[in-house]
Amino acid sequence: MSKEIPKNYDARLTEDAIYESWEKSGFFNPDNLANSKWLLANGKKIHKLLARRQKTFSIAMPPPNATGTLHIGHSVMLAIQDLVIRYHRLQGKKTLWVPGTDHAAIATQTVVEKILAKEGITRHDLGREKFLDRVNDYVKNSQGIIKKQIRKMGSSCDWSRERYTLDKGLSEAVTEAFVQMYEDGLIYRGFRIVNWCPRCHSTLADDEVEYKPAKEKLYWLKYGPFILATSRLETKLGDTAVAVHPKDARYKKYVGKKLKIPGVLGEFEVTVVADEAVDMNFGSGVIKVTPAHDFVDYEISQRHKIPLKQVIDEDGKMMSNCGKYAGLTTKQCREAILSDLQKMGLIEKIEDGYEHNLAVCYRCGTVIEPLPSRQWFIDVNKPLDKFGGKSIKQKSVEAVKKGRIEIIPKRFEKTYFSWMENLRDWCISRQIWFGHRIPVWYCSDCNEKKPIVLRGKPECCPACSCRHLEQDPDTLDTWFSSGLWTFSTLGWPKNTKDLKNFHPTSLMETGYDILFFWVARMIIMSVYLLREVPFHKVYLHGLVRTKSGEKMSKSKPETVIDPLDMIEKYGADSLRLSLLIGTAPGNDVKMYEEKIAGYRNFVNKLWNISRYILMSVEEIKLAEKQPKAQTLSDKWILGKLNKITDVVTNELEKYNFSLAGEALRDFTWDDFADWYLEISKIEKNKDAILLYVLQNLLKLWHPFMPYVTENIWQNFGVGLLMVQKWPRASKMKNLSEGDFELIKSLVTAVRNLRSEYKIEPKNKIDAVIFAKTKLKLIKEQEDIVKSLGRLSKIDFYRKDAPKHSARAIAGDTEIYLPLENLIDLNKEKSRILKELSEAQKYSAALKKKLENSEFVKNAPEEIVDGEKEKLDQTESRIQKLNSQFKDLE
RNA sequence: GGGUUUGUAGCUCAGUUGGUUAGAGCGCCUCGUUUACACCGAGGAGGUCACAGGUUCGACUCCUGUCAAACCCACCA
């Protein structure tokens with residue numbers, strides 16, 4: 001029976017249809033995986049195991065921002081997670097992968113505001129409601145694109161459970177979390193200095209601030225009796241103190257005094273304090289203290305009870321208390337003050353090119369203005385009775401320390417600890433419109449300023465019973481809601497079946513760049529709200545970079561590799577392989593088109609292996625049991641298959657995707673295609689084994705490249721590959737691996753000599769082999785050796801070496817190819833001499849090792865024995881080389 | 001300032017508890033019989049595993065230091 005199969009695999013023609021058949025099958029949904037009735041109705045012949053699924057495996061997909069499109073970084077996460085999910089599904093587990101999107105508050109609002117700016121309007125022109133309509137429209141559109149892209153990658157996630165952080169259920173989770181934390185006294189409202197982005201018009205959490213190096217001017221001021229430096233002249237208007245180091249003898253006499261300092265708005269008073277935060281060896285050892293606009297200064301002011309004077313407002317402009325400077329931007333003000341100070345002769349000197357780090361907003365790059373503001377915070381250090389006096393921070397550290405969460409690779413645990421241990425109170429309120437509104441109301445009638453915090457909207461003020469309630473205008477930090485992701489997606493706060501079955505999730509897989517932003521916050525939230533970890537394992541992948549190691553960035557389009565382009569050109573399987581193989585956990589990956597093309601070649605190789613088998617077998621059928629080995633090569637390939645099955649399984653269990661893939665590729669291409677398939681053309685009648693190995697290979701490869709394997713599998717007509725049973729290695733005895741290796745090296749040696757003497761493959765030649773103890777073995781495999789070595793006949797019984805011949809040694813055997821006039825005896829001699837000297841060097845090294853009594857004494861026995869055997873082999877090789885050489889004289 | 005990672009063949013990278021005559025893919029050179037595949041096959045060249053010490057019978061692998069590159073955290077006026 002022969003089948004028409006195209007010579008080259010064309011991913012474009014098949015991938016979409018295959019995805020559709022997976023999706024239609026319902027098997028992305030774990031409920032269907034366990035429902036035997038459902039299976040009987042829809043599947044053809046599906047393994048019984050499906051009906052008995054007990055164990056679960058779950059992953060919450062890190063929700064891409066509902067803005068824009070997916071980039072290659074998303075492809076990495078999808079490739080890895082889908083691999084893991086498919087592997088566990090094949091292992092027979094109830095496997096759930098929950099997809100979704102994140103509203104990404106500031107990021108999304110910023111994008112839409114930019115679009116509005118092009119139309120010449122701001123969000124204030126539209127008003128809150130209409131603006132949110134615009135944002136929601138935008139989000140809907142981009143969610144559509146994202147979902148399509150996730151499907152294109154082949155992701156087997158359960159679309160019926162798809163979630164969005166602003167969904168009703170998830171919003172209820174957010175409110176519930178807020179209320180619980182408020183009631184436990186973990187959430188409080190405080191007036192303090194925060195990171196403020198004047199463009200976003202909002203606070204930012206500490207880790208949403210980025211630092212970039214900048215060169216600025218450093219101004220040295222005459223400041224009463226002091227000389228001190230600042231780069232921010234405009235903050236002088238908010239100075240309320242001067243600080244020196246407690247041990248600094250130079251300034252001791254001023255400490256505790258109040259001084260009048262001449263300034264651009266007349267004299268002002270500062271207190272001189274002594275504080276450890278000052279470095280007496282840096283600059284003049286004196287700093288001016290502006291508590292309202294600098295974090296360090298704020299802390300100093302707290303310690304010494306120094307008043308706070310705000311001079312910069314939320315637009316980044318000077319406030320009305322700044323006299324003639326009021327209304328200027330900080331930059332304008334700085335210049336104005338500079339020229340005024342110069343007129344007054346208060347500038348000592350100006351240093352140019354002062355290098356320091358500028359704090360900027362991680363979303364829009366605007367310079368951060370620290371300023372005091374009334375905001376909501378989470379107290380991360382408050383001891384809680386329910387945790388035996390421990391704080392949520394301590395509990396979160398504990399979860400990893402006690403091994404309830406394992407981070408892969410392990411080195412990131414250290415990073416996690418140091419971040420968590422240094423965590424300060426988390427500012428969770430944002431002054432933007434897009435996001436979860438803070439569930440807090442205030443009464444505008446009564447004087448009761450106490451916030452009203454309820455799970456639903458309050459009917460009336462509990463104090464004065466009026467109905468004039470206003471909700472806090474602020475929204476919550478986007479990470480507050482995504483911190484709940486692993487359980488809010490499963491129905492929390494309701495006590496759902498999904499929550500019971502699938503939480504804690506089995507694995508969190510994400511880039512190391514959001515370990516702090518997200519992973520740490522999920523741990524805090526889950527540990528506090530559910531009293532359990534959100535996931536058992538965290539696998540962190542690296543960033544995708546260009547071939548030269550740069551970050552791919554939108555500002556340099558030529559550096560960006562668009563996953564959809566690559567899928568269109570090479571297929572999703574090739575893209576996936578290029579992201580999964582040749583990488584190590586947590587290490588960055590360099591990506592470039594040639595790499596993907598290389599894997600496309602491999603996908604095509606697997607296609608052609610299958611093509612050959614399907615076209616040559618008598619009957620295409622399922623080979624469920626391991627067939628009996630008839631020949632040496634059969635034993636060898638089945639033994640190797642068993643071995644590789646174990647290797648792949650073990651490596652996947654250890655999250656070593658790359659090692660699993662490499663081993664599997666080597667087996668597929670080198671062992672199976674290049675040797676066994678070729679031998680199958682000689683020995684014939686191998687249908688059962690060919691089908692068996694192929695079918696196992698398809699299963700083993702499926703998690704890596706689901707499309708092409710599923711495509712090929714469809715030839716067997718037994719349902720979908722994605723829900724078959726993962727292979728188990730059978731224990732085989734008598735693998736005869738060494739015997740087969742000898743045959744391989746015989747063939748290789750012959751090929752080598754042929755190549756050396758440029759004998760074209762079409763010229764079959766004779767050979768003389770001194771087979772020694774291996775005579776029986778080689779005679780049994782004579783057809784293979786002859787065919788693969790392009791030999792017309794082999795003489796096993798000749799006693800003397802033919803003089804004019806090319807010679808080689810394979811194991812214990814000697815090979816002679818009589819080539820009469822082609823042979824250049826001198827060339828032969830020098831080749832043998834070269835080999836001889838290499839062998840002698842090797843033998844000398846081995847001897848030296850074995851003569852070392854320390855080695856023999858200390859090394860394990862099997863190592864010593866191994867070295868002895870190597871020495872024996874090398875010695876016997878030397879002997880043979882010598883005799884071959886002598887023959888030539 | 002504190003921390004992490006990386007440095008292995010021309011390029012991209014594997015090498016998991018210390019024992020291989022150091023591997024793969026791409027690229028390069030030579031040759032192409034065989035209707036699975038030229039997105040292929042056969043053969044080959046190419047590395048003192050950044051450098052210097054140390055531990056050890058034995059180091060690409062462990063320790064210390066140096067050099068180079070990248071990143072994270074903190075941030076000093």
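Predicted, not measured: the structure shown is a model, and the values here were computed from it. All heavy atoms count here, side chains included; hydrogens, waters and symmetry mates do not. In what follows, chains are A, B, ... by sequence order, proteins preceding strands, each numbered from 1.
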Atom pairs and distances, donor-acceptor, side-chain atoms in residues 837-847 of chain A, under 3.5 Å, two or more places apart:
unit_1: A:Ser837; atom_1: OG; unit_2: A:Lys834; atom_2: O; d: 3.4
unit_1: A:Ser843; atom_1: OG; unit_2: A:Glu875; atom_2: OE2; d: 2.8

Could you list the protein-to-nucleotides 53-59 of chain B atom pairs, N/O on both sides, closer than 3.5 Å?
unit_1: B:C57; atom_1: O2'; unit_2: A:Asn852; atom_2: ND2; d: 2.8

Which atom pairs link the protein and nucleotides 1-7 of chain B when you take only N or O atoms and keep those under 3.5 Å?
unit_1: B:U4; atom_1: OP1; unit_2: A:Lys414; atom_2: NZ; d: 2.9

For nucleotides 10-12 of chain B, give me every protein contact, N/O to N/O, under 3.5 Å, one pair per line with atom names.
unit_1: B:U12; atom_1: O4'; unit_2: A:Tyr592; atom_2: OH; d: 3.2
unit_1: B:U12; atom_1: O2'; unit_2: A:Tyr592; atom_2: OH; d: 3.1

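The 5' end of RNA chain B is approached more closely, in terms of each residue's nearest nucleotide, by A:Arg877 than by the other of A:Val278 and A:Arg877.
A side-chain donor-acceptor contact under 3.5 Å links A:Arg521 to the backbone of A:Phe517.
Remark: A:Lys848 does not engage A:Glu867 in a salt bridge, criterion side-chain N to carboxylate O under 4.0 Å. Between A:Arg232 and A:Glu369 there is a salt bridge, since at least one side-chain N of the basic residue sits less than 4.0 Å from a carboxylate O of the acidic one. Between A:Lys393 and A:Glu421, no side-chain nitrogen of the basic residue sits less than 4.0 Å from a carboxylate oxygen of the acidic one, so the salt-bridge criterion is not met.
With a 6.0 Å cutoff to the six-membered ring centre and a 45° limit on the axis angle, A:Lys236 does not count as a cation-pi contact of A:Tyr219.
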Show the numbers, then the answer: is there a ring pair (Phe, Tyr, Trp, His ring centres under 6.0 Å) between A:Phe226 and A:Trp220? CA-CA 10 Å; A:Phe226 311 109; A:Trp220 289 84; over 10 Å; no
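Applying the 4.0 Å criterion to OP1 and OP2 of B:A77, one finds that A:His356 has a side-chain N or O inside that range. A sub-4.0 Å separation between OP1 or OP2 of B:C75 and a side-chain N or O of A:Tyr211 is present.
In summary, the aromatic rings of A:Tyr416 and A:Trp419 are positioned with their centroids too far apart to meet the 6.0 Å limit.
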Protein-proximity profile, nucleotides 34-43 of chain B, B/S/- by nucleotide at the 4.0 Å heavy-atom cutoff, equals --BB-BSSSS
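Taking the side chain of A:Phe516 as heavy atoms from C-beta on, and the options B:C72, B:C76, B:G19, the nearest nucleotide is B:C72.
Residues A:His304 and A:Asp275 have side chains that bring a donor and an acceptor to within less than 3.5 angstrom of each other. Checked by atom type, the side-chain pair A:Asp588/A:Tyr512 shows a donor-acceptor distance below 3.5 Å.
Aromatic ring pairs are classed by plane angle as parallel below 30°, tilted from 30° to 60° and perpendicular above 60°; the pair A:Tyr676 and A:Phe672 is parallel. Ring geometry for A:Tyr9 against A:Trp607 counts as tilted: the plane angle lies between 30° and 60°, on a 0 to 90° scale. Using a 30° and 60° split on the angle between ring planes, A:Tyr354 and A:His356 fall in the tilted class, from 30° to 60°.
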Nucleotide-level pairing of RNA chain B, given in dot-bracket where Watson-Crick and G-U pairs need both distances under 3.5 Å and | marks other strands: (((((((..((((.....[...)))).(((((.......))))).....(((((..]....))))))))))))....
